[in-house]
Amino acid sequence: MSQTEAAERSGLSRKTVYSAEQGENPRLLTLVRLLRTYGTLDSLSAFIPETEISPIEILERTRGEG
């Protein structure tokens, strides 16, 4: 798919698509729109690191210490 076609399908400018493809730190909305356009939205989870301890568990641990 060309950048022009990706831009049209995602509702973004061609310049925004080009910048994102060059790794120029796209906004989250831009990234989601492009992943959806390319049919790869499921790959978004690769950007979210796994946490060993949940934030709730950390909070509960700190409350128990005080």
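Heavy-atom basis, side chains included; hydrogens, waters and symmetry copies ignored. In this text, all values refer to a predicted model and were calculated from it rather than measured experimentally. One is the number of the first residue; the rest follow in order along the sequence.
Here the OG1 atom belonging to Thr40 is positioned 4.5 Å from the CG atom belonging to Leu35, to the nearest 0.5 angstrom. Here Thr37 contributes atom OG1 and Glu5 contributes atom CD; the two are 10.0 Å apart, rounded to the nearest 0.5 Å. The CG atom of Leu44 lies 12.0 Å from the CG atom of Leu34; values are rounded to the nearest 0.5 Å. In this structure, Glu57 CD and Thr62 OG1 are separated by 10.5 Å, a value rounded to the nearest 0.5 Å. Expressed to the nearest 0.5 Å, how far NZ of Lys15 lies from CD of Gln22 amounts to 13.0 Å. Of the inter-residue distances, the one linking Leu31 atom CG with Arg33 atom CZ reads 12.0 Å to the nearest 0.5 angstrom.
Glu21 is linked by a salt bridge (charged side-chain N to carboxylate O under 4.0 Å, His left out) to nothing, counting only residues two or more places apart in sequence or in another chain. A search for salt bridge (charged side-chain N to carboxylate O under 4.0 Å, His left out) contacts involving Glu8 returns nothing, not counting sequence neighbours.
More than 12 heavy-atom neighbours from other residues, nucleotides or ligands sit within 6.0 angstrom of CG on Leu59.
Note on Leu28: it clusters hydrophobically with Leu41, by side-chain heavy-atom contacts below 4.5 Å among ILVMFWY residues.
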Could you go step by step and tell me if Met1 and Arg9 meet the side chain to side chain contact (heavy atoms under 4.5 Å, CB included) rule?
CA-CA 10 Å; Met1 174 181 318; Arg9 290 183 180 191; 3.3 Å; yes
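At a cut-off of 3.5 Å, with distance as the only test, no side-chain donor of Ser19 or Thr16 sits close to an acceptor on the other residue.
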